[in-house]
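Below you'll find the structure, written out as structure tokens, and then a few comments.
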Amino acid sequence: MKVKFDTFGSMANNAFLIVDESTNCSALIDCPEYSDKMVKLIGDTELKYIILTHGHFDHILGVKEVCDKYGCKVYISKEDAPMLQSGKLSLGAFCGFSQNSVSDYETVSDGDEIVLGALKIKALATPGHTKGGMCYICGDYLFTGDTLFCESYGRVDFPGGDLGELTASVKKLKELDGDFKVMTGHEELSTLEHERRYNPMMRAL
């Protein structure tokens, strides 16, 4: 297993490529844009999936074009799926971004596993930043989108945000067994043990 990442766009979004080295199949966690930089991240791997942590525009703007190029499947929660077809719901329309509608996708729920070659990517429902926020575990990596950041946590002042739900989601992550490399949707990466010690929300729980 190999994980590559790069940062994209004006919102400084992190996108991650999980690669099963035994098959060279890959999955992209979030897709902020379609660009030469994104094509370089995907490289010569066989892209099977785009797996979305949530539906805000800065995490999905490249989905349509990347799918058209690679013929990959898209996974998103049922609650956030309407954002793939609406710039208003994804908030892109309010920030000056045009969005190509995506209608071909599959929904993912808490506990589902997506098989990538010899790897399994497990979905964890973590609402709060959005109604359908998801985190994903693969090996010792935890992909947290905008639910959990390094020593911080996601905003709840957008439509669908809920502090109570986010608090429960962060508690769910805190109580995972063992340590994980925390791959955040923005800014610097972390580890779960570091967040247990220094994240203000986790410390308060």
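The figures here come from the full heavy-atom set of this structure, side chains too, leaving out hydrogens, waters and symmetry mates. Computed from a predicted structure; not experimentally measured.
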I need the minimum non-hydrogen distance between M83 and H56, along with the two atoms involved. SD-N, 3.8 Å

Taking V102 as the starting point, is it possible to reach I76 by hopping between hydrophobic residues whose side chains are less than 4.5 Å apart? yes

Give me the atom names and distance for the closest heavy-atom approach of D20 to A118. OD2-N, 3.2 Å

Report yes or no: do T45 and N24 form a side-chain donor-acceptor pair below 3.5 Å? no

Nearest heavy-atom contact between F149 and E195 is O-OE1, 3.1 Å

Could you tell me whether D36 atom CG has more than 12 heavy atoms of other residues or ligands within 6.0 Å of it? no

What do you reckon, is NZ of K131 surrounded by more than 12 foreign heavy atoms closer than 6.0 Å? yes

Mark yes when over 12 heavy atoms from residues, nucleotides or ligands other than E21 sit less than 6.0 Å from its CD; otherwise mark no. yes

Got Y105 and L52 here, is their nearest side-chain heavy-atom distance under 4.5 Å? no

Does K37 NZ have over 12 foreign heavy atoms under 6.0 Å away? yes

Would you say the side chain of R155 lies within less than 4.5 Å of the side chain of D146, judging by non-hydrogen atoms? no

Does this structure show an ion pair linking D110 with K172, if we count only N-O contacts that are shorter than 4.0 Å? yes

Hey, which of D30, D6, T7 is the one that makes side chain to side chain donor-acceptor pair (under 3.5 Å) with N14? T7

Would the number of heavy atoms belonging to other residues, nucleotides or ligands and lying under 6.0 Å from NZ of K73 be above 12? no

From the list F94, F97, F158, ring pair (Phe, Tyr, Trp, His ring centres under 6.0 Å) partner of F57 resolves to F97

